[in-house]
Number of protein chains: 2
Amino acid sequence: MMRKLKKAAKARGERLHHSLAQDIGARILKGEFAPGALLPNEAEWCDAYGVSRTAVREAIKMLAAKGLIVSRPKIGSRVQPRDSWNLLDRDVLAWYWATSDQHRFLANVQEMREILEPEAAALAALNHTAPQLAEIDAAYRGMVEAPTIADWNVSDVKFHLAILGAAGNELLVPLGFLIESALSNMFAFTATHNTDMRKALPLHEAILNAIRRRNPQAARRASRILLADTNSVIGRSRKPAARRAAGRKR
Amino acid sequence: MMRKLKKAAKARGERLHHSLAQDIGARILKGEFAPGALLPNEAEWCDAYGVSRTAVREAIKMLAAKGLIVSRPKIGSRVQPRDSWNLLDRDVLAWYWATSDQHRFLANVQEMREILEPEAAALAALNHTAPQLAEIDAAYRGMVEAPTIADWNVSDVKFHLAILGAAGNELLVPLGFLIESALSNMFAFTATHNTDMRKALPLHEAILNAIRRRNPQAARRASRILLADTNSVIGRSRKPAARRAAGRKR
DNA sequence: ATTGCCTTTTTATAATACAAATGAATCGGG
DNA sequence: CCCGATTCATTTGTATTATAAAAAGGCAAT
């Protein structure tokens with residue numbers, strides 16, 4: 001490793017401390033340093049990567065800010081228990097994604113969408129303001145008129161984020177961004193998602209119209225159908241948990 | 001401000017850079033530095049707080065790791081647009097909570113619980129493993145035998161977190177921690193929540209039994225009733241959005 | 001007017017010194 | 001021999017200084 005980091009940082013236009021944080025963070029999530037374990041001390045990091053203590057310390061502070069480690073004098077930097085890792089952080093999620101069972105992770109993300117988006121659509125039907133509705137409408141028209149698949153995807157994401165924004169719950173918005181960023185890590189998704197835009201488009205229209213008519217039940221229903229449809233494309237059974245629960249007691 | 005920071009840090013057993021990050025972060029969320037605005041440069045921070053550049057830089061790196069700011073040479077540190085703030089971070093959420101309309105924020109948190117927990121309970125009914133069920137059961141018994149209200153609350157939180165853990169979706173767990181930490185910021189909640197433990201206890205038992213019997217519908221239903229009950233105690237109408245939507249078109 | 005080169009400001013990195021915290025070893029008293 | 005206080009050593013925390021790199025803004029030449 002070592003010297004390569006400096007060149008990699010320069011090549012990607014990243015600062016040293018940022019690259020260091022990325023590298024160390026990824027190594028922690030990869031399991032190279034287990035929770036409770038003691039990391040190498042600052043001098044060793046300097047030596048291993050050939051950088052100054054300043055850069056190392058700033059990287060460590062970034063990881064501490066994400067809940068991965070804590071530093072104490074004389075002790076060193078210790079990896080925190082997984083519970084205090086901020087898994088809802090973009091970086092941490094990306095590191096996690098890179099080392100997890102990707103199929104299962106994708107299923108989890110999709111499951112989160114199934115939980116959140118229908119309710120968000122229903123709330124949006126109740127709570128949306130005029131500009132928020134216009135934003136959803138604009139995204140929908142962007143999908144209709146999309147010249148390429150890539151454009152369609154961009155508008156698709158905007159559509160769903162706009163609905164989360166219109167739901168009137170500030171916590172839903174960052175969750176939406178998180179899910180979006182998680183999905184954007186999975187090219188496989190975007191590649192297969194829109195093989196049947198022709199099916200998806202009327203469903204999006206149904207959601208839009210239900211929100212416009214302030215009909216939460218209809219919005220929720222249409223959103224559920226759309227997500228179920230997405231599932232079939234992804235190749236995930238509607239109840240992936242059913243398998244695990246097969247050996248149930250009663 | 002200035003000199004006081006050092007004493008405050010020492011009194012709370014915090015490091016300087018940590019206290020600095022807390023203070024600057026809170027000021028950003030308070031709106032003292034708007035998104036897009038340029039922060040004072042490092043020298044000015046050193047001067048204002050009477051600390052070294054090292055401490056300032058480490059604090060800045062922590063805030064950058066939480067998505068609040070970005071630093072670039074010759075430019076300085078600029079406050080990021082709200083969209084890239086990591087609102088799902090414990091600290092950021094706490095800063096936000098301190099400056100927001102607290103009643104509305106509490107309503108949002110409760111709304112998130114209503115979205116997440118019934119579905120989590122249903123998933124837990126399908127997916128739970130034996131040790132996970134035992135954990136839920138232990139938390140329930142902790143509630144039954146709780147000698148004081150404080151003990152009851154501890155077990156209550158454990159109960160709900162255990163259900164999220166048993167749902168088999170890794171993203172639900174950190175969300176649960178986040179909601180818990182948000183709620184723990186609001187003493188008002190814990191103070192009023194358990195005025196009628198007698199009502200809440202059988203509902204918890206119903207959820208536990210539904211999960212044990214692997215009956216997702218029953219688990220979801222019981223969870224919904226429990227949350228609706230909590231709402232009435234909190235003094236929030238079941239559909240707070242209904243007011244805003246009163247002037248609807250159809 | 002546009003292009004490319006300076007200048008200058010600010011962060012980025014490095015190097016060094018000392019302070020503070022704390023686990024471990026050591027010493028002293030019982 | 002055991003126990004407690006003390007000292008010691010190690011590691012992070014903070015401060016200071018120096019230098020490098022980035023980039024906006026001005027300057028000049030074409």
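Protein chains get the first letters and strands the later ones, always in sequence-line order, with residue 1 at the start of each.
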J.: In whole angstrom, give the distance that lies between atom CD1 of A:Ile60 and atom P of D:dT14.
T.: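 Nearest whole value for this atom pair: 14 Å.
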J.: Roughly how many Å is it from CD in A:Glu14 to P in C:dA12, rounded to a whole number?
T.: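 Rounded to the whole Å, the gap is 13 Å.
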J.: Considering only side-chain heavy atoms of A:Pro73, which listed nucleotide, D:dT11, D:dA15, C:dT11, is closest?
T.: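 Ranking D:dT11, D:dA15, C:dT11 by closest atom to the A:Pro73 side chain puts D:dT11 first.
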J.: Just how far, in rounded Å, is C1' of D:dT12 from CH2 of A:Trp45?
T.: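 Interatomic distance, CH2 of A:Trp45 to C1' of D:dT12: 15 Å.
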J.: Check whether the side chain of B:Arg15 and the base of C:dA20 form a donor-acceptor pair under 3.5 Å.
T.: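 For B:Arg15, whose side chain was compared with the base of C:dA20, there is no donor-acceptor pair (under 3.5 Å).
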J.: Considering only side-chain heavy atoms of B:Arg72, which listed nucleotide, D:dG13, C:dT13, D:dA23, is closest?
T.: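 It is D:dA23.
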J.: Side chain of A:Ser71, heavy atoms from C-beta onward: which of D:dA15, D:dG13, C:dA12 has the nearest atom to it?
T.: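 Looking only at heavy atoms from C-beta outward on A:Ser71, the closest nucleotide is D:dG13.
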J.: Would you indicate whether the side-chain heavy atoms of B:Arg90 and A:Asn86 approach each other to under 4.5 Å?
T.: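 A side-chain contact is absent here, since even the closest heavy-atom pair is not under 4.5 Å.
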J.: For the pair made of CD in B:Glu44 and C1' in C:dT10, what is the distance, rounded to whole Å?
T.: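 Atom CD in B:Glu44 sits about 11 Å away from atom C1' in C:dT10.
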J.: Under 4.0 Å between any heavy atoms, over every strand shown, what does A:Ile75 touch: base, sugar-phosphate, or nothing? Just pick one.
T.: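 The residue A:Ile75 makes sugar-phosphate contact but no base contact.
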J.: For the side chain of A:Val51, counting heavy atoms from C-beta on, which of D:dA15, C:dA14, C:dT11 is nearest?
T.: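 Closest of the options to the side chain of A:Val51: C:dA14.
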J.: Between A:Gln22 and A:Ser19, is there a side-chain donor-acceptor contact under 3.5 Å, judged purely by atom types and distance?
T.: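 Note: A:Ser19 and A:Gln22 side chains miss the donor-acceptor criterion.
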J.: If you find the nucleotide of DNA chain D closest to A:Glu42 and the one closest to B:Ser52, which residue's nucleotide is nearer the 5' end?
T.: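 Here A:Glu42 is the residue nearer the 5' end.
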J.: Rounded to the nearest Å, what distance is computed from the CZ atom of residue A:Arg53 to the C1' atom of nucleotide C:dA17?
T.: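 Taking CZ of A:Arg53 and C1' of C:dA17, I get 10 Å after rounding.
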J.: Does a salt bridge link A:Glu170 with B:Arg104, judged by any charged N lying under 4.0 Å from a carboxylate O?
T.: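 Salt bridge: yes.
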J.: Once you round it to whole Å, what is the distance between C1' of C:dA12 and CD of B:Glu58?
T.: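 My rounded result for the distance is 14 Å.
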J.: For B:Lys61 and D:dT14, give me the distance from atom NZ to atom P, rounded to whole Å.
T.: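 Rounded to whole Å, this separation is 15 Å.
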J.: Of the listed nucleotides (D:dA18, D:dT11, C:dT22), which one gets closest to any side-chain atom of A:Asn41?
T.: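 Output: D:dT11.
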J.: Any side-chain heavy atom of A:Tyr140 within less than 4.5 Å of one from A:Ser155?
T.: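 Counting from C-beta outward, A:Tyr140 and A:Ser155 never come under 4.5 Å.
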J.: Find the distance B:Met62:CE to D:dT14:P and express it as a whole number of Å.
T.: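 Distance, rounded to whole Å: 11 Å.
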J.: Give one of base, sugar-phosphate or nothing for A:Thr54, where a contact means two heavy atoms less than 4.0 Å apart.
T.: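 Base, at least one base atom sits under 4.0 Å.
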J.: Taking the inter-plane angle between the rings of A:Phe105 and A:Trp97 on a 0 to 90° scale, is it parallel (under 30°), tilted (30 to 60°) or perpendicular (over 60°)?
T.: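 Tilted.
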J.: What nucleotide, of D:dG13, C:dG23, C:dT8, holds the atom closest to the side chain of A:Lys74?
T.: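 Nearest listed nucleotide: C:dG23.
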